[in-house]
Amino acid sequence: MIDLHTHTNKSDGTDSPRELVNKAISLGINVLGITDHDTTSGWEEAAQTVRGEINLALGSEISCLTDDGVSVHMLGLLFDGKDEAMATMLEETRDGRLPRMRKMVEKMRAAGIDISMDDVEAARPIGATLGRPHLADAMVNKGIIKSRDEAFQGMLNNDSVFYVSHAAPTPVQAIAMIRSAGGVAVIAHPFASHRGQILKASDFHELVSAGLNGIEVDHRDQNPDERRMLREIALELDLVITGSSDYHGSGKLNSLGEYKTAPLQWEKLESQANQRRVVRA
Ligand code: AMP
Ligand code: ZN
Ligand code: FE
Ligand code: FE
């Protein structure tokens, strides 16, 4: 079983990297992608936990913004964790998340919602990439809402009046950065329309020119029609097709391994990295 997109408490998941790897082993996952938002800080602990048959595809889910302001998530897998340009890009994006959160909190306070930056910081695990799920957790802790899911269906949705974007590379810049660091780039849930504005089918050509390797087709946020369209685009552009859970521990309904990548697709993807970087025991 191959699941290439998961999160730990180094971003907005709730399992530590060790717990995640252990869960993956007990489920019989052979290849696990660990893709925390805009960080590689979980890699070391995950690598230290590896035993038995499991292979780790270490990576990151890079927050991107198109020139038209569309939010895009780009999975970078198997890149060189020591690449300086990549580390700088990730750090800048993480840095931009703090003023963004301050603005969101400010908007909510102006609307009479009793929430503060201290509440958000209290909900964020040490060293985790700051994100809306931590704001959601702070609101749950204060009894304002019941769950992260409730937050994302309302106040924290991309279409909400409280939403603020943060500085981020464009998808083309992120792909170029991932590839020059030797890794492979897979666009995450590109047609997850309920999150807000999404890419158009015609946008993929530019991404392929930049070096895009694959498309995440099977993902719970994409309906059968959206998956069918993406599968067609992938076949037409000779891109790898992936499926993954986007597991976030108890922070989201997604369960580990709920969507999978076919072994042949994984082999094709891995062969496009500039060297073998899978971590195994
Ligand atoms: P941010 O990166 O701060 O813009 O926050 C986006 C994150 O919120 C994404 O990583 C999603 O995984 C997470 N998210 C989106 N929808 C939900 C939901 N319904 N429940 C929990 N987390 C969600
Ligand atoms: Zn997330
Ligand atoms: Fe995502
Ligand atoms: Fe994700």
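Both ligands and their constituent atoms are indexed starting at 1 by order of listing.
- At a threshold of 4.0 Å, the pair Arg124-Glu121 counts as salt-bridged, since one of the basic side-chain nitrogens sits closer than that to a carboxylate oxygen.
- With sequence neighbours excluded, the residues satisfying salt bridge (Lys or Arg N to Asp or Glu O under 4.0 Å) with Lys142 are Asp114, Asp119.
- With a 6.0 Å radius and a threshold of 12 heavy atoms from other residues, nucleotides or ligands, Lys268 has its NZ atom above the threshold.
- A search for ring pair (Phe, Tyr, Trp, His ring centres under 6.0 Å) contacts involving His134 returns nothing, not counting sequence neighbours.
- Between the side chains of Asn157 and Arg132, no donor-acceptor pair is found at a separation under 3.5 Å.
- Ion pair Arg148/Asp137 flagged as a salt bridge, since at least one NZ, NE, NH1 or NH2 atom sits closer than 4.0 Å to an Asp/Glu carboxylate oxygen.
- What sits closest to atom 11 (C) of ligand 1 on the protein, heavy atoms only, is Lys252 NZ, 3.6 Å.
- Ring-plane geometry between Phe191 and Phe204 is classed as perpendicular, the angle between the planes exceeding 60 degrees on a 0 to 90 degree scale with a lower cut at 30.
- Inspection of the His248 and Asn254 side chains reveals no N or O donor paired with an N or O acceptor under 3.5 Å.
- By the criterion of a heavy-atom distance under 4.0 Å, neither the backbone nor the side chain of Gln153 is placed next to ligand 1.
- For the Fe ion (ligand 3), the nearest N, O or S atom contributed by His73 is named ND1.
- With a 4.0 Å heavy-atom cut-off, ligand 1 is reached by the side chain of Asp12 but not by its N, CA, C or O.
- Atoms of ligand 1 lying under 4.0 Å from at least one heavy atom of Arg148, given by number and element, are 21 (C).
- Minimum-distance N/O/S atom of Glu61 relative to the Fe ion (ligand 3): OE2.
- Between the choices His166, Arg100, His37, the shortest heavy-atom distance to atom 4 (O) of ligand 1 belongs to Arg100.
- The minimum distance between the Zn ion (ligand 2) and any N, O or S atom of Asp12 involves atom OD2.
- Ligand 1 has no N or O atom lying under 3.5 Å from any N or O atom of His73, backbone or side chain.
- If you check which protein heavy atom lies closest to atom 5 (O) of ligand 1, you get Arg132 NE, 3.5 Å.
- Between Tyr247, Phe152, Tyr163, it is Phe152 that holds the heavy atom closest to atom 17 (C) of ligand 1.
- A side chain to side chain donor-acceptor pair (under 3.5 Å) with Ser63 is found for exactly one of His73, Arg94, Arg97, namely Arg97.
- What sits closest to atom 2 (O) of ligand 1 on the protein, heavy atoms only, is Arg97 NH2, 3.0 Å.
- Around atom CG of Asp159, more than 12 heavy atoms belonging to other residues, nucleotides or ligands sit under 6.0 Å away.
- Nearest heavy atom pair, residue Asp15 against residue Leu20, reads CB-N, 4.1 Å.
- The closest approach between Pro133 and ligand 1 falls below 4.0 Å for a heavy atom of the residue.
- Heavy atoms of His248 found under 4.0 angstrom from ligand 1 belong exclusively to the side chain.
- The Gly131 neighbourhood of ligand 1 comprises atoms 3 (O), with distances under 4.0 Å to a heavy atom of that residue.
- Nearest protein heavy-atom neighbour of atom 19 (N) of ligand 1: Asp149 OD1, 2.7 Å.
- Of all the N, O or S atoms in His189, the one closest to the Fe ion (ligand 3) is NE2.
- To the nearest 10 degrees, the Zn ion (ligand 2) sees NE2 of His37 and NE2 of His248 at an angle of 130°.
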